[in-house]
Structure formats: C-alpha cells, structure tokens
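Letters A, B, ... mirror the listed sequences (proteins, then strands); counts begin at 1.
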Amino acid sequence: MSTYKSDFLHTLASRGFIHQVSEPEALDTLARSSAITGYIGFDCTAASLHVGSLLPIMMLYWMQETGHRPIALMGGGTTRVGDPSGKDESRQLLTDAAITANLGGFRAVFAKFLKFADAGGNAVMANNADWLNTLNYIDFLRDIGRHFSVNRMLAFDSVKLRLDRQQELSFLEFNYMVLQAYDFVELYRRYGCILQMGGSDQWGNIISGIDLGRRLDNAQLFALTAPLITTSSGAKMGKTAAGAVWLNADLVSPYDYWQYWRNTEDADVGRFLKLFTVLPLGEIERLAALKGAEINEAKKILATEATALVHGRAAAEQAAATARTTFEEGTVSKGLPTVRVPRQTLEGGITVADAAILAGFCNSKGEVRRAIANNSIAVNDSRVTSFELTLDEKDLTTEGVIKLSFGRKRHVLLKPAYEE
RNA sequence: GGGGGAGUGUCCCGAGCGGCAAAGGGGGCGGACUGUAAAUCCGCUGGCUGACGCCUUCGUAGGUUCGAGUCCUACCUCCCCCA
C-alpha cells in the first residue's frame with residue numbers, strides 16, 4: 001500500500017493524508033529510528049476551528065500516536081499579517097484582542113486530539129506571537145531577510161497569482177512567507193522540530209522554511225503536505241445550509257455535527273473513514289465495501305466515530321440515538337435542537353412564519369411564504385399549507401413541545417419557556 | 001502621458017433597443033424519486049403586504065427625461081493598446 005517503513009509515514013500514507021513529501025526516504029529513515037518533532041500552524045481568524053482544520057489536526061494526532069511529538073502552532077503573530085496563499089484579496093485584519101479571544105477557543109479542541117503535558121503527553125502548543133511580536137525590524141532584516149531572494153519570492157504561486165491578476169498585494173502580506181519560514185527555524189531551535197506539515201497550498205511556504213533552516217543552522221528540515229479534500233461531487237468540505245461546520249459545540253451542536261457526517265456521499269465514505277476516524281484500516285475496508293442501502297450503516301459509524309472524536313463518545317451516541325428515533329422510527333425525539341418560545345407568546349399564538357424565522361429556517365416572511373408554497377414546512381409532521389397558520393399551546397404534543405420541520409432533514413422543537 | 005474597454009440582483013459568472021425587480025447559467029435551498037447518498041426531473045433563490053401596491057437594488061456623485069442599469073458630466077477602481 002505504501003512503501004514507507006516508518007510507522008508514522010506508513011500510517012499517514014495508507015490513510016490518505018499525504019500529497020507531497022520532501023526527501024521522503026530521509027524522513028522515513030529518521031522517523032523509523034527516532035522520535036521526531038513536527039508541527040502545523042493554525043490561523044486564528046475565526047472563533048472556532050472548523051471541519052477544514054480537522055485534517056491537519058488528525059495528522060498531528062497520528063504523529064503522536066505513532067510515537068512522535070506534535071506541535072500545534074497557534075498563529076497569534078502571523079494572523080496579524082494574513083496569509084495571501086490562495087486568496088484573491090487581502091483578508092481583513094483582525095485586532096489583537098480578537099485574535100487572543102479566538103485562540104482561547106482552540107485549546108480545548110486540540111486537547112481532545114492531542115495529549116499535552118497536563119494529560120501526561122508530549123504534545124506542545126506554541127504561539128508564534130511569543131517570538132514574532134518582539135522582533136526587532138532591523139535585526140530581523142539583517143539576520144533573516146538577507147536570506148530571502150525577492151526574485152524567488154515573486155515566483156511563488158501565492159505571490160504570482162496576485163501579480164498576474166494585477167491584484168493588490170501589500171508589503172505586509174508579502175512578508176507572510178518570511179515569517180512562516182522563520183517560525184519553522186524558531187521551532188527547530190526551541191524544540192528540535194524538523195517537520196512542517198500543512199495543506200497542499202502551504203508547500204511553497206514550507207519550502208521557504210526549509211531553505212532558511214539550511215542557511216542559518218545547516219539543519220535538515222522536511223515538508224509534508226496533505227491533499228486538498230473535496231467531496232466526490234467537487235464541493236469544498238465543511239459547508240452546510242447553516243454555514244461552516246464548526247468544532248465548538250456551542251456553534252454546531254453534536255447532533256448537527258453528526259448529521260453533517262451522516263450525509264456524506266457514498267463515494268466519500270471510505271476516504272472519510274480513513275481521514276476522520278481512527279478506526280483500523282481493515283474495519284474501514286469492510287465498511288467501505290458495503291453496497292447500496294447498506295452503506296448507510298457505514299455512514300452512521302462514520303458519523304458516530306467522527307463526532308466522538310470531537311464531542312466525546314456519549315454525545316456521539318446520543319446524536320446517533322436522536323437520529324434513529326427521528327429518521328428511522330419517525331417519532332419525536334427530545335434530542336433534537338430546541339428553541340425556546342416565551343410562554344406568553346405561545347399563548348397569544350405565534351404564526352408559522354415567525355416560528356420558522358425563530359427556528360432559523362428562514363430569514364424573512366417572504367422566504368417562509370415561498371417555503372410553504374414549496375411544501376417545505378411541517379408542524380408536528382404534518383405539512384403546513386397556509387401562511388396564516390398560527391401555533392399555540394393546543395399544538396403542543398404530549399411531550400410538551402411543537403415539532404417544526406423544514407425539509408425532511410431539519411427539525412427543531414419549540415419549547416415553551418416558563419422562566420424569564 | 002495618449003487611445004480604447006469594463007464595473008449588473010451583497011455567493012459567483014453574466015445578458016441587458018430608455019418602461020426593468022432586470023434574461024441565462026453556476027452555487028444554494030426546497031419538492032418528487034431514493035437509502036437522511038449520488039444522478040435525474042420540478043419549484044424557489046430583493047424587503048414589506050391577504051391583495052392592489054409600496055420600498056430598496058446595476059462602481060460613486062450629479063444631470064437630461066413623464067420615466068435611467070441603459071443617455072450626458074465628473075470622480076473612483078480594474079483591463080487592453082500606444083508612449
């Protein structure tokens with residue numbers, strides 16, 4: 001399956017994580033004979049990590065799992081600059097306060113995948129703000145800047161793309177790759193880190209770091225990139241009707257997260273099981289081979305396993321149970337997302353339109369109107385045909401809730417709120 | 001510096017003789033069919049209104065006109081050619 005002899009590279013390769021590796025033989029040999037240290041950098045542009053970050057996180061997970069030391073590098077410093085790779089326009093700059101706040105949300109997520117010192121493991125969480133924020137400009141130019149050829153930098157895709165399209169590329173962004181390269185060297189010096197991993201769009205930036213390490217410290221550093229993951233039908237990972245699929249439970253509930261994976265396309269099941277669960281490959285092979293409706297079993301396992309990694313086994317099982325009662329038994333499950341409606345409002349009667357907006361299904365009454373015309377909205381599993389329909393306490397089921405549905409997959413329980 | 005062209009429905013691309021809430025795609029959402037899949041077909045894809053209708057939208061600001069995405073002026077941004 002793979003020609004790698006080290007546990008680390010063999011695992012990554014056979015699970016589909018590897019796109020490109022610099023000097024694969026040398027790295028393989030090294031990883032076989034000793035514990036190596038490697039890192040991946042993460043942006044702090046959002047308040048939570050999302051499904052797109054999952055792939056790199058899993059690489060760090062396997063790194064630790066196969067006996068090495070992973071470093072999750074928070075881009076507290078580089079996020080202040082903004083990576084131009086793969087973007088047409090410069091990203092909006094975030095305030096330092098926002099970056100710090102975002103960082104806070106990350107640690108808990110990483111702790112679910114990696115064992116840091118407080119959990120008795122060797123994983124490291126670093127923040128490049130620690131060394132970037134205090135850099136002295138002139139010193140930095142003389143020590144680091146001299147090793148960078150502008151001629152070469154102009155040839156990098158991330159830069160060239162912008163220039164070719166006559167898109168603005170500020171000097172600030174132009175420096176991003178220099179800083180990222182410097183990060184690599186800094187981590188090498190601090191932790192003996194010799195490997196940087198990342199998405200395939202990071203290749204150029206990583207190579208810059210390798211070059212810098214060789215020039216400054218005569219170090220042999222390595223690059224490993226992962227393929228860009230899309231669904232079989234070509235869509236980018238991690239988007240749903242409601243937006244990005246975040247890893248924080250307060251942004252995307254375990255139930256919704258489970259649903260996201262449950263709705264994986266047939267053709268992706270095997271690949272995703274390998275990438276996003278830690279099930280043994282033999283088991284995955286068996287699941288991916290299921291045909292027709294049977295592959296739904298594999299999807300449920302994918303959903304439960306993937307959810308368990310992020311939200312814990314109990315939450316995953318609960319999401320699975322909720323899905324089972326909702327979709328397979330067709331009954332009202334208490335595990336569905338609930339929306340509280342003040343009791344007075346309910347007594348006075350609330351229109352379906354307002355309820356649908358409250359539930360987050362629609363943004364305007366016009367949308368609700370169209371949705372009803374399209375047969376999309378149901379109350380307690382019966383189709384709503386009239387825009388005039390008003391809901392009140394008589395519509396409460398024996399469980400004391402009103403089940404409001406949008407389409408066949410999105411359900412919400414309206415629950416009278418007695419407090420406040 | 002001179003000449004020519006372009007900016008359209010706040011997701012993207014893109015048509016648009018002065019009557020336009022504005023063609024057509026893509027994407028998205030929903031329905032049918034299925035297996036909570038894919039493919040396919042159908043519907044929807046500015047806001048308010050029960051409805052007549054009203055309001056807001058075509059780079060920005062003015063102007064002409066009963067009426068402007070469309071014509072005129074200035075400005076901004078981008079592309080191409082000449083220098």
- How is A:A323 classified with respect to the nucleic acid when contacts are heavy atoms under 4.0 Å: base, sugar-phosphate, or nothing? base
- Message: What's the gap between B:G1 and B:U56 when it is taken at their C1' atoms, as a whole Å value?
- Response: 42 Å
- Summary of salt bridge (charged side-chain N to carboxylate O under 4.0 Å, His left out) pairs that have at least one residue in residues 129-154 of chain A, sequence neighbours excluded: A:R152-A:D211
- Quote, to the nearest angstrom, the P distance that separates B:U73 from B:A22. 30 Å
- For B:C11 and B:U64, measure between their C1' atoms and round to the nearest Å. 36 Å
- Message: Between B:A61 and B:G69, how many Å separate the two P atoms, rounded to a whole number?
- Response: 13 Å
- Task: Keeping to residues at least two apart or across chains, list the side chain to side chain donor-acceptor pair (under 3.5 Å) pairs with something in residues 59-70 of chain A.
- Result: A:T37-A:R69, A:Q64-A:N122
- Name the pairing partner of B:G18, where a pair is Watson-Crick or G-U wobble with both distances under 3.5 Å, or state none. none
- Considering only heavy atoms, which members of residues 295-313 of chain A lie under 4.0 Å from some atom of RNA chain B? A:I295, A:N296, A:K299
- Task: Would you indicate, yes or no, if B:A37 has its OP1 or OP2 atom less than 4.0 angstrom from a side-chain nitrogen or oxygen of A:K409?
- Result: yes
- Note on the structure: The residue, A:N375 or A:R324, whose nearest nucleotide of RNA chain B is more 5′ is A:N375
- Query: Counting only Watson-Crick or G-U wobble pairs whose two distances fall under 3.5 Å, which nucleotide matches B:A6?
  - Reply: B:U77
- Could you tell me which nucleotide pairs with B:G50 by Watson-Crick or G-U wobble geometry, both distances under 3.5 Å, or answer none if nothing does? none
- If you find the nucleotide of RNA chain B closest to A:R262 and the one closest to A:I357, which residue's nucleotide is nearer the 5' end? A:R262
- Among B:A37, B:C29, B:G50, which is the nearest nucleotide to the side chain of A:R410? B:C29
- Counting Watson-Crick and G-U wobble pairs only, both distances under 3.5 Å, name the nucleotide matched with B:A39, or none. none
- Message: On the side chain of A:D266, is there an atom forming a donor-acceptor pair with the base of B:G35 - under 3.5 Å, no angle test?
- Response: yes
- Query: In whole angstrom, what separates A:H411's NE2 from B:G30's P?
  - Reply: 11 Å
- Task: Mark yes or no for whether A:N248, through its side chain, and A:D250, through its backbone, hold a donor-acceptor pair below 3.5 Å.
- Result: no
- Query: Which pairs pass side chain to side chain donor-acceptor pair (under 3.5 Å) with one or both residues in residues 298-326 of chain A, sequence neighbours excluded?
  - Reply: A:W258-A:T304, A:D266-A:K299, A:E297-A:K300, A:K300-A:E328, A:E305-A:R313, A:T325-A:S333
- May I ask you to test the A:L221-A:L212 pair for a side-chain heavy-atom distance under 4.5 Å? no
- Query: Ignoring hydrogens and angles, does a donor from either the side chain of A:Q259 or the base of B:U36 sit under 3.5 Å from an acceptor on the other?
  - Reply: yes
- Query: In whole angstrom, what separates A:E328's CD from B:G35's P?
  - Reply: 13 Å
- Whole-angstrom distance between B:C33 and B:C52, as gauged at atom C1': 40 Å
- Spacing of the C1' atoms in B:G27 and B:C75 (rounded, Å): 35 Å
- P spacing across the pair B:C29 / B:G16, given as an integer number of angstrom: 31 Å
- Query: Watson-Crick or G-U wobble partner for B:C71, using a 3.5 Å limit on both distances?
  - Reply: B:G63
- Pairs flagged by salt bridge (charged side-chain N to carboxylate O under 4.0 Å, His left out) wherever residues 360-384 of chain A is involved - sequence neighbours left out: A:D381-A:K403
- Query: Given atom CG of A:N374 and atom C1' of B:A32, what is their separation to the nearest angstrom?
  - Reply: 12 Å
- Message: Does A:W258 reach a base, just sugar-phosphate, or nothing at all? Heavy atoms under 4.0 Å.
- Response: base
- Task: Rounded off to whole Å, could you give me the CD-to-C1' distance for the A:E294 and B:U36 pair?
- Result: 17 Å
- Given the C1' atoms of B:U57 and B:C48, what is the spacing between them in whole Å? 15 Å
- Message: If the condition is salt bridge (Lys or Arg N to Asp or Glu O under 4.0 Å), which residues does A:E283 pass it with, not counting sequence neighbours?
- Response: A:R286
- Task: Output the single nucleotide from B:G35, B:G47, B:C44 whose closest atom is nearest the side chain of A:S364.
- Result: B:G47
- Message: Nearest whole Å is fine: how far is B:U36 P from A:E265 CD?
- Response: 16 Å
- Residue pairs involving residues 96-115 of chain A (criterion ring-ring contact (aromatic ring centres under 6.0 Å, His included); sequence neighbours excluded): A:F42-A:F110
- Item | Qualifying ring-ring contact (aromatic ring centres under 6.0 Å, His included) pairs, either residue in residues 342-379 of chain A, two or more places apart | A:F361-A:F406
- Starting from C1' on B:G47, measure out to NZ on A:K365 and report it in whole angstrom. 12 Å
- Task: To the nearest 0.5 Å, tell me how far A:F184 CZ sits from A:L73 CG.
- Result: 11.0 Å
- Side chains of A:V178 and A:M153: does their closest heavy-atom pair fall under 4.5 Å? yes
- Item | Ring-ring centroid check A:H411 A:F327, cutoff 6.0 Å | yes
- Message: Just to be sure I understand the rule, does A:T264 reach a base, reach only the sugar-phosphate, or reach nothing, if contact means heavy atoms closer than 4.0 Å?
- Response: sugar-phosphate
- State the pairing partner of B:G1; accept Watson-Crick or G-U wobble contacts with both distances under 3.5 Å, and report none otherwise. B:C82
- Task: Look through every strand shown and name the nucleotide pairing with B:C44 as Watson-Crick or G-U wobble, where both distances are under 3.5 Å.
- Result: B:G28
- Nucleic acid contacts of residues 376-391 of chain A, taken as heavy-atom distances under 4.0 Å to RNA chain B: A:S376, A:R383
- Can you tell me the distance, in whole Å, between the CG atom of A:N263 and the P atom of B:A39? 13 Å
- Message: Heavy atoms from C-beta onward define the side chain here; which of B:U45, B:G30, B:C48 lies closest to that of A:R370?
- Response: B:U45
- Note on the structure: note: A:I372, atom CD1; B:U49, atom C1'; distance rounded to Å ~ 15 Å
